[in-house]
Structures are given as C-alpha cells and as structure tokens.
Amino acid sequence: MEESSRPDDPQQDESTQDEQARDVENLQQEDSDKRSEQSFSPKAKPADTAADEGPDLDAIVKNSSSVGRSRQPARRSGSTDKKAAKAAKKEEAKAAKKNAKAAAASAKKDEKAAKAGTAEKLHKRWWGHRKIVQGSSSFLISTVLHTLILVVLALWMLPDALDALAPSLVVNPLDDPSEELESVFLEEQIVVGTKMEVSSAAAGSLAGTAADVSTPELAKSVLETEEYGTEIKVEGALASAPSRGNTFAELPKGAMGQGRSVADNYGQAMDRITREILWMLEKQDVLVIWCFDQSESMKDDQKEISERIDRVYKELGLTNKVSGDMLLTAVTSYGEKFAIHTKRPTSDLGEIRKAIDDVPIDHTGKEKMCTAIGLCIKEYRKFSGRAKRRLVLILVSDESGDRDDNVQNMERVIQESRSAGCKIFILGREAVFGYPYAYIRWRHPQTRRPYWLSVDRGPESAFVEQTQTDGFRRRYDAFPSGFGPYEQSRISRQTTGIFFLLPSLESQLVRGEKRRYELEAMSAYRPDLRARREILNDRENSKFRNTLFEVIWSLNPHNTDNAKVIEMRVHFSPDPQTFVKEVATEHGKAKVYLQHLAQAEKVLEKIKPLREEESKPRWRANFDLTYAQMIAYQARVYEYGAFIDAFVKNPKVVPLKKPPDLRLYYWDITTRKKTLTGDTIADYVKRASELFKQVIKDHPGTPWAARAQWELDRGYGVDLRPHYEPEFKDVKNPIPVPKL
C-alpha cells in the first residue's frame with residue numbers, strides 16, 4: 001500500500017482540513033447570495049423568521065414616520081421651542097443608534113447562524129458519505145460471503161453434476177470380433193454393384209472440389225437415397241512427471257508424485273517400492289495395503305509378486321517377528337466387488353502369501369478400481385491413525401478400471417487419499433495410444449473358436465485425442481503410448497506415489513508392439529493429468545482443440561449410429577451368393593463414408609491456421625496426424641470399393657479346406673502397396689504421404705511419428721486374403737467366454 005493512502009499521513013490531514021475550509025467558504029457564499037436574493041424579494045417575510053433575518057425594516061419605517069409627524073405640528077404653530085427640537089433630535093439619534101446596534105447584532109447573529117448551518121451541512125454531508133461507505137462495505141461484505149458460499153456449494157456438487165453430464169467414452173460394448181466369422185444373410189434383394197460408383201458430391205471430394213463445411217455433416221442427398229445413410233452424430237464427450245531426485249529426501253507439502261516411471265519388470269518396480277518404504281520406516285511404522293485386480297489375466301502377475309514378497313521384507317531387514325511389526329501388511333482385491341483377504345494387518349509372510357494366492361477370479365469383467373481404493377482407505381484409516389502408522393497402498397492391475405466408476409469416483413478418491421496421507425503406488429501396463437482398449441487372444445478350449453477379449457487399457461489422456469478407426473473399422477491394435485492410463489497416472493501423481501509402467505509385452509496381446517520412445521522427446525508430449533473438468537474447460541475455450549476433438553468424435557465407431565456408416569466390413573463370406581450381397585451393402589456405406597471423410601478434411605483445413613498459435617506440442621501432433629489420416633483414409637476407402645467390385649467380377653480361386661483340419665472361414669481385408677485406381681487417388685496418396693513424413697520429421701521419437709510410419713508402411717491399396725481356422729466343434733453347454 002502507498003504511503004499517501006495511510007490514515008495517519010499528516011499531508012493527507014492538512015489537505016483534508018483545507019478541503020473542509022473551502023467547503024465552509026463555499027457554503028457561506030451560498031448563504032450570503034441567498035440572503036441578498038431574499039432582501040430584494042417583494043414577498044413579505046413570515047413573522048417567525050424576522051428576528052433571524054437582520055434589522056426590522058417595518059420598525060425603522062414606523063419610527064421614521066412618527067418623527068416626521070411630530071415635527072409638522074411645530075412648524076404649523078410657528079413655535080420655536082428649541083428645547084423640544086433639541087430633545088427630538090436626541091431622541092431621533094438615540095433611536096437611530098439603537099436601530100444600528102440592533103442591525104449589527106442581528107447581522108452578527110445571522111453570520112453565526114450561517115456558520116452553524118454550514119457546519120451542520122458539512123456534518124450531514126460527512127455523515128451521509130459515511131453511511132454510503134458503511135452501506136457499500138456491508139453490501140460488499142455480504143456479496144463476497146454469499147459468493148463464497150455459492151462457490152463452495154458449486155464445487156461440492158460439481159463432480160456429481162459433471163458425472164451426470166458426462167456420457168461414457170464408449171456408447172456401447174464392443175462386439176465380439178468372433179461374431180464376424182459367421183455369415184450374415186440379408187433378406188432383402190440387393191442389386192449387385194459392378195464398379196465403384198460414387199455420388200457427384202463424393203466424386204467431387206476426390207477431385208478436391210468438395211464444398212466448404214463448418215462441421216462434419218453427411219450430405220442430405222446421400223442420407224435420403226442410401227439405405228445405410230444414417231446420419232452420423234457429432235457429439236462432445238460429457239466423455240509425466242519429472243524425477244523426484246533423491247529417493248530419501250522428504251517431499252515438501254503439496255509436492256506431486258510420478259505419473260510415469262518405466263520398469264522392465266516387477267522386480268525393478270518392487271525394488272523401488274522397497275526403497276520408498278525404507279525411507280518411510282525411518283520416520284514411523286508403516287501399513288502396506290496390497291490391492292489386486294481380480295481379472296483372470298492377472299493370475300500370473302499375482303504369483304510373481306507373491307514370490308517376491310520375501311525379498312522385500314529381507315531387504316528391509318524385517319525377517320523376525322519383533323522387528324517385522326514395524327511393517328504390517330494387508331491384502332485386498334477387487335472386481336465388481338471389493339474383498340479383504342487378511343483378517344487383520346500382519347507381518348507373517350506365510351499369511352501374506354496365502355492371502356495373495358486366495359485372490360479370486362471375477363467373471364463379470366468389471367474392475368471398479370476407484371471404488372476399491374476408497375474402501376481400502378476407509379477400512380484401514382482408523383487403524384493406521386491409532387497406531388500412528390504411515391498408510392501405503394500398492395495397486396496391481398493390467399487395466400485402467402471401469403470407465404463409469406473412474407469418472408464418478410476418481411476425484412473423491414484422490415481427496416480421501418490425500419486427507420488420510422496415503423501414498424499410492426500402481427503397477428500397471430502401458431496405455432494404448434489414444435484408444436480405450438487392447439485385446440487378448442483366447443481360443444475356446446471346447447469349441448476351438450478364437451476370440452479377442454477386450455481389456456480397458458487407456459487412453460493415456462482424459463479424453464480420446466486420436467482417431468478411433470483404422471480407416472475401415474474400429475481399432476484392434478495395441479499401439480503403445482509411452483504413458484500409463486490417465487486415471488492411474490493421475491491418482492499416483494496426486495498422492496505423491498508412483499505409477500510404474502510395465503512395458504513387457506504379453507504373448508497373447510493382439511497386434512501388440514514393444515516400443516521404447518525417446519525419453520527427452522516424450523517429456524514435451526506428456527498428457528495433461530489435471531482433473532477432467534479443468535481439461536474440458538480449456539478445450540472448450542479453444543476453437544482449435546475443440547474442433548479437432550469434434551472431428552475425432554464424429555468418426556468414433558463406438559457410437560452406435562456412427563458405426564452403421566463408418567464401420568466397414570473386413571470379413572467377407574466364402575459363400576459366393578452371400579459375398580455378392582455383402583459387397584453391395586458395403587458399396588452404399590462406402591459412398592457415405594467418403595462424404596464424411598471429405599467433410600472432416602475440410603473442417604481441419606479451416607482450423608489449420610490456428611495450429612501455429614497452439615502452445616502444446618501434443619495438440620499440434622494430434623492435428624498433424626489426424627489431418628494426414630483423413631486424406632489417406634479417403635484414398636483407402638475408394639480403393640476398398642473398387643477392389644471388392646473387381647473381386648466380384650474376377651474372384652480368386654482357393655481351396656475350401658487345407659490339411660490337416662483347416663477350413664476357409666472368411667475373406668479378410670488387408671492393405672498393400674499396389675492400388676487399382678492409380679490416377680484417381682494419386683493426388684490423395686501423394687498428399688497423405690507427404691504429411692505423414694512431415695509428422696515423422698516434426699515429432700521424432702514419439703508415438704505420433706511411429707504411428708505415421710505405420711500408416712506409410714500399410715500402403716494405400718486393398719487386398720482380400722483367405723482366412724483358415726481349425727474346424728470348429730459343436731459342444732452342448734460350452735463354458736462361457738471369459739470377460740477380462
């Protein structure tokens with residue numbers, strides 16, 4: 001605060017006094033002017049105010065008149081009584097003197113009254129100002145208090161409101177890919193297409209002359225004439241940290257943990273956890289809670305951890321019962337429901353191992369991770385508080401948890417964990433790049449049918465930021481992101497814990513890749529781990545980010561309505577008649593899909609100038625890759641339609657069976673370098689290839705560059721290859737397909 005604004009400043013007091021004096025002079029001048037106006041006014045003064053307004057003019061006139069009348073008789077009589085005249089003069093002088101004194105006294109009284117009136121007016125003015133200030137202060141204080149109350153209530157209710165507004169990222173569960181192995185017979189008669197004919201609008205898009213559009217919408221003419229022209233909905237969804245340095249240096253209050261720490265295996269991760277526990281034991285006793293995912297895919301992981309528990313205790317020097325009580329352990333697990341496997345926290349290694357082995361398999365496929373964390377803290381918070389033990393939770397899972405449970409409960413769990421002083425370590429898997437799911441191969445032991453079982457494993461960001469299709473249908477890859485799932489990374493970071501990224505590749509992971517991205521390059525591209533509502537608010541305030549997200553969402557095949565158009569068939573029946581019907585059906589869908597891809601390209605073209613204003617390299621990379629894909633996918637979809645047309649005219653001849661017991665089950669769409677439509681899509685191929693190469697150049701050592709190289713390696717042509725499987729068996733009451 002400046003000195004001139006202080007209440008005890010003498011300069012300010014003097015200036016205030018001068019200002020008050022000027023106010024008095026001004027008010028006196030106003031009163032004087034008013035009296036002058038009143039003295040010249042022809043109106044008579046009220047009797048009760050005459051004494052306050054100066055000399056009595058009527059008295060003076062009366063006295064003057066009486067003197068004049070007393071003189072006149074003397075002149076008329078002709079007497080020259082000098083004594084009488086002298087007495088009259090004295091009387092007249094005395095009266096004049098008396099009147100003058102009265103006038104002076106009256107004037108003095110008026111002046112005093114004027115000063116009193118001025119002071120009173122100043123006092124009233126000051127008092128009025130004071131009341132205004134007091135009233136304003138009261139109003140301001142009341143407003144601030146009520147505003148604070150409203151903010152607190154809003155923050156209290158916001159998570160529920162946000163959850164109510166937030167639709168799930170995926171509208172419907174994934175269809176089992178194995179269902180595509182069975183033929184689909186259409187009842188209606190469909191005319192067989194002989195070539196890839198597209199509407200004029202679609203043809204225009206391939207020629208680069210499609211009309212500008214502001215949002216991705218499908219042409220109404222196509223929607224009205226095509227059997228599969230269901231309008232695609234464009235909906236909004238609502239749906240790494242630096243090293244901490246010295247392990248044994250206490251983190252300051254409010255510090256963050258690590259949202260990403262790469263470990264090659266469980267051994268490395270548990271060695272780091274052991275060091276962290278050792279540091280905590282130097283301060284106080286510790287209670288460790290192990291919390292295991294009950295999914296079937298985690299049984300091998302649980303066995304490995306059970307075998308390593310001994311090493312943790314031995315390295316801590318807590319192998320005998322007395323010293324072992326410094327570190328107590330509880331074992332819990334979760335699936336759809338939460339379970340506790342130790343009657344009470346224990347230091348008995350045999351009891352701990354048995355509890356881990358007793359973790360059941362949950363067949364519902366639901367992993368309510370956030371609910372489980374909350375129940376762990378609720379169950380053991382009082383125990384750790386009474387014993388003055390530090391609370392540590394170690395969660396082991398190969399999935400990111402149930403999506404609805406995460407959205408509804410994650411922020412509450414973070415607050416409860418921080419309130420309880422609970423540090424959370426998570427041993428988890430690498431998230432799929434920009435996509436919610438990975439798939440595990442599983443063959444039914446009785447029927448011999450193959451299945452791809454979905455597991456929640458991503459994305460690495462709060463909302464999807466990559467296209468959810470590979471150009472033909474929903475993604476079935478496990479392309480690595482270099483980061484953990486958003487929820488697990490955020491929980492670990494917010495509770496001063498660590499998320500251990502286990503990039504080891506599972507043998508049955510569909511289209512999995514083991515990649516190591518450049519650490520320095522990835523630091524600039526780390527996902528935003530703030531709360532969802534903060535990220536959403538920033539995105540909606542950015543035209544660049546919001547438009548890009550809407551384009552991605554409009555091409556999301558997990559939206560049921562979108563899937564009717566943009567989910568192209570990639571498995572065709574080996575039966576010729578059925579094959580022909582399927583080709584005709586896909587023709588209609590391909591025309592509409594081309595329309596939508598062309599519109600999406602135009603939308604991205606419009607926001608391209610905003611790319612340079614975007615401060616985050618991650619969002620620039622998102623745009624660059626998506627823009628290249630929109631152009632590449634137009635070329636591939638056009639080639640798709642042309643190739644299946646040509647295949648109808650000139651199908652490949654392959655055997656229906658192969659030894660020893662293989663049978664042709666379907667024709668599978670694949671990509672290749674060679675194209676059939678050469679010149680028609682040449683410009684698209686050239687532009688897409690240049691853009692993919694630019695992504696590799698601008699974002700080296702990142703998933704965006706790796707994904708761009710993957711797109712280039714696919715080529716732009718399409719092929720149909722026969723797919724053989726062992727003969728399936730019909731079994732009565734087969735065991736159910738597991739849900740991971």
Side-chain angles (χ1 to χ4, degrees), residues 196 198 202-210 216 232 433-435 464-477 479 511 548 551-552 554-557 562 565-568 570 586 589-605 607-608 611 620-644 669-699 702-719:
M196 182 59 178
V198 299
S205 70
L206 282 171
T209 59
I232 295 180
F433 180 53
Y435 194 69
V464 293
E465 297 174 2
Q466 301 299 319
T467 52
Q468 306 295 285
T469 171
D470 63 5
F472 297 127
R473 63 170 181 174
R474 68 192 65 187
R475 289 171 54 182
Y476 283 99
D477 60 80
F479 204 88
R511 298 174 186 170
L548 176 58
V551 169
I552 292 170
S554 73
L555 288 164
N556 190 343
N562 290 13
V565 176
I566 65 177
E567 187 88 328
M568 306 302 296
V570 295
E586 298 310 302
K589 290 165 59 178
K591 295 174 187 178
V592 179
Y593 192 14
L594 274 174
Q595 284 274 343
H596 192 69
L597 289 169
Q599 292 170 340
E601 178 196 352
K602 290 297 181 181
V603 170
L604 295 178
E605 185 71 32
I607 64 169
K608 189 175 181 180
R611 179 196 180 279
R620 294 199 297 270
N622 289 338
F623 173 85
D624 295 344
L625 181 59
T626 304
Y627 184 47
Q629 287 172 328
M630 293 303 100
I631 298 171
Y633 292 172
Q634 288 180 70
R636 290 199 186 108
V637 171
Y638 193 88
E639 182 74 10
Y640 170 94
F643 184 86
I644 58 178
I669 285 286
T670 61
T671 56
R672 63 179 184 178
K673 298 287 186 180
K674 181 182 177 181
T675 63
L676 291 181
T677 57
D679 293 341
T680 306
I681 64 171
D683 179 62
Y684 283 77
V685 171
K686 180 182 178 181
R687 288 196 296 135
S689 298
E690 290 174 350
L691 289 171
F692 284 133
K693 291 176 182 178
Q694 192 64 42
V695 172
I696 296 171
K697 179 181 178 181
D698 292 345
H699 312 285
T702 69
W704 290 266
R707 190 74 177 174
Q709 186 63 58
W710 176 79
E711 292 281 12
L712 283 172
D713 294 342
R714 292 174 70 191
Y716 299 91
V718 173
D719 195 7

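Every ring-ring contact (aromatic ring centres under 6.0 Å, His included) that Phe472 has, sequence neighbours left out, goes to Tyr640. Under the side chain to side chain donor-acceptor pair (under 3.5 Å) criterion, Asp679 pairs with no residue, sequence neighbours left out. With sequence neighbours excluded, no residue satisfies side chain to side chain donor-acceptor pair (under 3.5 Å) with Thr626. Residues meeting the side-chain contact (heavy atoms from CB on, under 4.5 Å) test with Ala708, sequence neighbours left out: Leu625, Phe692, Val695, Ile696. In terms of the side chain to side chain donor-acceptor pair (under 3.5 Å) criterion, Thr675 has no residue partners (sequence neighbours excluded). For Tyr627, the ring-ring contact (aromatic ring centres under 6.0 Å, His included) criterion is met by Phe623, not counting sequence neighbours. By the ring-ring contact (aromatic ring centres under 6.0 Å, His included) test, Phe433 is found to be paired with Trp704, residues two or more places apart in sequence or in another chain being considered. Taking the salt bridge (charged side-chain N to carboxylate O under 4.0 Å, His left out) definition, one finds that Asp719 meets it with Lys652, Arg721, sequence neighbours left out. Considering only residues two or more places apart in sequence or on other chains, Glu690 meets the side-chain contact (heavy atoms from CB on, under 4.5 Å) condition with Lys686. Here Glu465 pairs with Arg618, Asn622 under the side chain to side chain donor-acceptor pair (under 3.5 Å) rule; sequence neighbours left out. For Thr677, the side-chain contact (heavy atoms from CB on, under 4.5 Å) test picks out Tyr638, Glu639, Ala642, Thr680, Ile681, with sequence neighbours left out.
Distance alone, capped at 3.5 Å, places no donor-acceptor pair between the Arg474 side chain and the Thr469 backbone. One N or O on the side chain of Asn562 and one on the backbone of Ser554 form a donor-acceptor pair closer than 3.5 Å. Of the possible donor and acceptor atoms, none in the side chain of Arg475 sits under 3.5 Å from a partner among the backbone N and O of Asp477. Judged by distance alone, the side chain of Gln468 and the main-chain N or O of Gly434 form a donor-acceptor pair under 3.5 Å.
Atom-to-atom distance recorded for Tyr593:OH and Leu555:CG is 6.0 Å, nearest 0.5 angstrom. Put simply, CE on Met568 and OH on Tyr633 are 14.0 Å apart, with the number rounded to the nearest 0.5 Å.
Evaluation of the salt bridge (Lys or Arg N to Asp or Glu O under 4.0 Å) test over residues 624-636, restricted to residues two or more places apart or in two chains, returns Arg611-Asp624, Arg636-Glu711.
Between Arg687 and Asp683 the shortest side-chain heavy-atom distance falls below 4.5 Å. Two residues are said to be in side-chain contact when any heavy atoms from C-beta on lie closer than 4.5 Å; Arg473 and Glu567 meet this criterion.
In terms of heavy-atom proximity, Leu691 sits nearest to Ala628 at CB-CB, 3.6 Å. Closest of all the heavy-atom pairs between Phe479 and Pro703 is CE2-O, 3.8 Å. Contact record, Lys693 with Leu712: CG-CD1, 4.0 Å, taken as the closest heavy-atom pair. The two residues Leu604 and Met630 come nearest to each other via the heavy atoms CD1-CG, 3.8 Å.
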Problem - salt bridge (Lys or Arg N to Asp or Glu O under 4.0 Å) evaluation trace for Lys589 with Glu586 - result: CA-CA 5 Å; Lys589 290 165 59 178; Glu586 298 310 302; 3.3 Å; yes
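The environment of NZ in Lys673 is crowded: more than 12 heavy-atom neighbours from other residues, nucleotides or ligands sit within 6.0 Å.
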